[in-house]
Amino acid sequence: MSTELKPNKLQLYNSLSRAKELFVPINSPNVGMYVCGPTVYGDAHLGHARPAIAFDLVFRYLKHLGYKVRYVRNITDVGHLENDADQGEDKIAKKARVEQLEPMEIAQFFSDRYLDNMDALNVLRPSIQPRASGHIPEQTEMVQSILDNGFAYESGGSVYFDVVKYNQKHHYGKLSGRNIEDTLENTRQLEGQHEKRDSVDFAIWKKAAPEHIMRWKSPWSDGFPGWHMECSAMSAKYLGTQFDIHGGGMDLRFPHHESEIAQSVAANGHDPVKYWMHNNMVTINGQKMGKSLGNFITLDEFFTGSHALLHQAYSPMTIRFFMLQAHYRSTLDFSNEALIAAQKGFEKLMKAMETLSKIKVSNQNDFDIKAWITASYEAIDDDFNSPILIAQLFEAVRMINLLHDGKAQIDAENLSLLVTSLHAFVFEILGLNSEASQSSQNDITAGLMQLLIELRQNAKTNKDWPTADLIRNRLTEIGIGIKDTKEGAVWEVL
RNA sequence: GGUCUCUUGGCCGAGUGGCUAGGCACCGGUCUGCAAAACCGUCCACUCCGGUUCGAAUCCGGAAGAGACCUCCA
């Protein structure tokens with residue numbers, strides 16, 4: 001990869017304009033990207049893998065293009081309430097109370113597990129992973145700015161964002177496409193909202209109830225920051241008050257991201273984000289997979305196959321490939337059939353990558369690799385259309401197999417182009433890897449297997465089929481598969 | 001109820017006004033002592049009803065079904 005910036009043809013879909021736009025960084029070649037990370041009070045499920053992988057692709061591709069990307073993904077370890085703002089309990093605090101642990105123990109435990117899962121999926125670690133609890137001063141400062149600018153009011157030790165007043169000067173709802181009037185009419189009246197002037201107002205600082213264990217000092221009360229403050233405060237701290245890309249799940253568009261915009265405008269006087277990107281949901285039986293719905297399968301369960309709905313274990317790369325086979329803005333329905341199809345397709349791709357290294361150069365040439373590369377870049381440039389890019393990869397797989405079978409020829413220049421670009425697309429941009437290393441293949445095992453394969457080969461040479469089949473069948477029984485190939489027999493742990 | 005989105009072949013999943021998506025499965029073939037694997041090839045489509053157009057799965061209108069958000073959620 002060169003350090004020079006490649007010609008800019010990247011189009012991305014901006015949720016704010018509801019249209020694809022040419023990507024032009026605010027301060028090229030620097031790019032600032034913020035993505036909403038997990039609330040760490042439970043294991044990550046398949047749904048959490050979606051934005052992680054989707055924005056990993058964005059991160060990887062922008063770097064591939066030569067941009068200097070600062071990617072910030074937060075860890076939410078405070079502030080998300082179970083129910084309504086006025087009476088809910090902090091999710092992490094609740095979990096801590098139930099399990100009699102320190103809240104930070106809970107947060108640390110699950111954020112470690114989250115990162116382990118992401119590593120397994122070959123998701124690159126963001127440049128910065130700030131925690132909400134580590135940025136309380138930044139958040140209280142921002143609350144103060146909003147108060148100073150007249151877009152919030154204090155009530156009973158809490159501070160509320162004055163949505164109605166804000167909406168008189170700005171448009172609260174421009175991201176999610178709604179009018180405040182509609183929201184006013186349709187918001188259910190909940191109990192305990194007497195502190196708010198209007199039901200659409202939201203807390204930006206919340207006074208802690210006496211039994212609430214997660215609390216910090218502030219000018220208004222001992223309490224904790226509101227739901228949306230952390231992203232506004234931390235993105236501004238690390239990326240500036242105006243940055244390029246903000247990502248997250250579609251379910252965060254309202255109220256979370258809408259409120260982030262309002263807070264930033266109220267505090268800093270201008271919009272915080274140039275391009276808003278939202279990934280769609282993973283569904284199960286056509287319904288969103290979600291914690292509150294209780295229909296989720298954790299990533300660990302996928303990796304081990306330990307869930308009633310799973311027919312087998314699915315490797316991290318199968319999960320990653322499965323995700324990349326769908327466009328990030330489409331819903332993706334989970335099923336064993338789809339996952340198994342993804343697994344087989346992925347294996348086929350990886351085998352072709354191995355075969356690629358055995359291709360021999362010819363004087364003749366049957367393939368226009370430059371055209372293939374152009375088409376592949378067009379796919380990824382079109383709002384990160386990974387399914388089309390993968391279709392392109394399978395075109396390359398076909399070429400590789402034809403070459404390997406001697407049914408087509410390729411010259412040195414084209415082969416070099418193919419190898420270089422294929423490696424870039426598969427490993428660098430899509431972030432796939434071969435998972436080939438089998439821990440069981442130590443020297444002793446390899447030696448024993450070599451011996452058995454030789455014995456069987458001798459039997460085959462003598463046309464002693466019963467002995468040859470006995471060796472193969474007994475190995476199959478203990479979980480080792482034997483395949484006869486042109487280059488001799490190979491084995492694998494089934 | 002309000003706002004918005006979607007409806008593609010056996011399954012998953014792209015897409016454009018006319019030109020092959022791709023993967024998996026199936027079927028046929030090559031290979032093979034047999035088997036498996038691998039490879040090659042073929043088949044199957046655009047929810048329904050109108051309209052615009054020389055031509056629509058693709059644009060417009062309507063119907064039906066599904067989903068998301070409106071409450072913490074990736």
Side-chain angles (χ1 to χ4, degrees), chain A residues 18 35-39 41-42 44-55 76 79-85 88-91 173 176-179 181-183 185-188 190 200 227 247-256 258 278-283 286-293 296 321-322 325-327 329-349 351-352 355 379 382 385-395 397-398 400-402 404-405 407 460 463-465 468-469 472-473 476 481-486 490 492:
Chain A
R18 293 157 189 273
V35 173
C36 290
T39 306
Y41 66 105
H45 58 72
L46 190 61
H48 290 99
R50 191 96 198 258
I53 291 170
F55 293 104
T76 297
H80 281 224
L81 298 176
E82 283 266 313
N83 295 305
D84 179 64
E89 184 176 8
D90 193 286
K91 281 176 171 173
S176 51
R178 64 190 72 208
N179 294 316
E181 290 78 13
D182 297 338
T183 313
E185 285 172 20
N186 291 295
T187 302
R188 284 173 292 169
L190 298 164
V200 294
W227 316 339
M250 264 187 186
D251 48 353
L252 296 178
R253 234 157 56 134
F254 188 90
H256 186 56
E258 196 70 71
H278 292 96
N279 63 275
N280 215 135
M281 301 292 105
V282 174
T283 59
Q287 205 182 26
K288 174 183 164 183
M289 185 180 283
K291 253 175 193 144
S292 48
L293 294 167
F296 62 90
F321 190 73
F322 172 65
Q325 268 195 311
H327 185 81
R329 283 192 290 115
S330 298
T331 56
L332 175 61
D333 199 53
F334 154 82
S335 72
N336 282 281
E337 292 72 21
L339 247 357
I340 289 167
Q343 181 184 52
K344 291 189 177 176
F346 174 67
E347 285 167 359
K348 181 175 177 176
L349 177 62
K351 275 179 184 142
T355 306
D382 183 12
N385 199 325
S386 53
I388 296 285
L389 178 58
I390 288 173
Q392 281 292 121
L393 297 182
F394 280 104
E395 279 299 307
V397 168
R398 213 188 93 255
I400 291 167
N401 288 327
L402 286 172
H404 186 60
D405 289 355
K407 291 173 183 167
K460 286 175 70 175
K463 297 198 189 298
D464 179 6
W465 308 129
D469 289 350
R472 185 174 64 194
N473 292 339
T476 304
I482 293 287
K483 293 177 197 168
D484 293 327
T485 71
K486 284 173 195 162
V490 295
E492 65 180 357

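The structure presented is a predicted model; accordingly, all values stated were derived computationally and were not measured. By convention in this document, chain letters (A, B, ...) are assigned in the order of the sequence lines, proteins followed by strands, and residues within each chain are numbered from 1.
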Using the C1' atom in both, what is the distance from rC59(B) to rG55(B), to the nearest Å? 13 Å
Can you tell me the distance, in whole Å, between the CG atom of N280(A) and the C1' atom of rG67(B)? 9 Å
Given protein heavy atoms under 4.0 Å, the one-letter contact record of nucleotides 7-21 of chain B, with B base, S sugar-phosphate only and - none, is simply -----SSSS-----B
Need one value for H278(A): base, sugar-phosphate or nothing, where a base atom within 4.0 Å counts as base even if backbone is also close, heavy atoms only. nothing
Considering only the C1' atoms, how many Å lie between rA57(B) and rC49(B), rounded to the nearest integer? 15 Å
Enumerate, in order of first residue number, the stems that involve RNA chain B, defined as 3 or more consecutive Watson-Crick or G-U wobble pairs with both distances under 3.5 Å. B:1-7 with B:64-70, B:10-12 with B:22-24, B:27-30 with B:38-41, B:47-51 with B:59-63
When rounded to whole Å, the NE2 to P distance for the pair H256(A) and rC69(B) reads 15 Å
Where the side chain of Q287(A) is concerned, which of rA68(B), rC39(B), rG33(B) is the nearest nucleotide? rA68(B)
Would you kindly give the CD1-to-P distance between I400(A) and rA38(B), to the nearest whole Å? 16 Å
Looking only at side-chain N and O atoms, does K348(A) come under 4.0 Å of OP1 or OP2 in rA37(B)? no
So G47(A), base contact, sugar-phosphate only, or nothing? Heavy-atom distance under 4.0 Å. base
What distance, rounded to whole Å, do you find between the two C1' atoms, one in rU32(B) and one in rU20(B)? 32 Å
Any donor-acceptor pair, under 3.5 Å, between the side chain of R253(A) and the base of rC4(B), if you only look at N and O atoms? no
Taking only the side-chain heavy atoms of K483(A) (C-beta and beyond), determine which of rC69(B), rA36(B), rC39(B) contains the nearest atom. rA36(B)
N/O donor-acceptor pair under 3.5 Å between N385(A) side chain and I388(A) backbone: yes
Hey, does R398(A) reach any base, or is it just sugar-phosphate, or nothing, if we go heavy atoms under 4.0 Å? sugar-phosphate
Provide the distance between the two C1' atoms, one in rC60(B) and one in rC40(B), to the nearest whole Å. 45 Å
Which of the following nucleotides, rA74(B), rC40(B), rG67(B), is nearest to the side chain of N401(A)? rC40(B)
With the criterion set at under 5.5 Å between ring centres and under 30 degrees between planes, would rG23(B) be stacked on F394(A)? no
Given atom CZ of F254(A) and atom C1' of rC73(B), what is their separation to the nearest angstrom? 14 Å
Answer yes or no: is there an ion pair linking R398(A) with E395(A), defined by an N-O contact shorter than 4.0 Å? yes
Quote, to the nearest angstrom, the P distance that separates rC11(B) from rC48(B). 15 Å
Distance between the C1' atoms of rG13(B) and rG51(B), in whole angstroms? 30 Å
Please compare K288(A) and I482(A) by the position of their nearest nucleotide in RNA chain B and report the one closer to 5'. I482(A)
Expressed as a whole number of Å, how far does the P atom of rC46(B) sit from that of rU8(B)? 11 Å
How many angstroms lie between atom CD of Q325(A) and atom CD1 of I390(A), to the nearest 0.5 angstrom? 5.5 Å
For the residue pair N279(A) and A54(A), what are the closest heavy atoms and their distance? CB-CB, 4.4 Å
Let me know, please, whether C36(A) or K351(A) comes out on the 5' side of the other along RNA chain B by nearest nucleotide. K351(A)
With a 4.0 Å cutoff (strictly under), does any side-chain N or O of K407(A) reach OP1 or OP2 of rC39(B)? no
Just to be sure I understand the rule, does V282(A) reach a base, reach only the sugar-phosphate, or reach nothing, if contact means heavy atoms closer than 4.0 Å? base
Work out how far the P atom of rC44(B) is from that of rG9(B), and round it to whole angstrom. 14 Å
Whole angstroms only, please: what is the CH2-C1' distance between W465(A) and rG33(B)? 4 Å
Give one of base, sugar-phosphate or nothing for M281(A), where a contact means two heavy atoms less than 4.0 Å apart. base
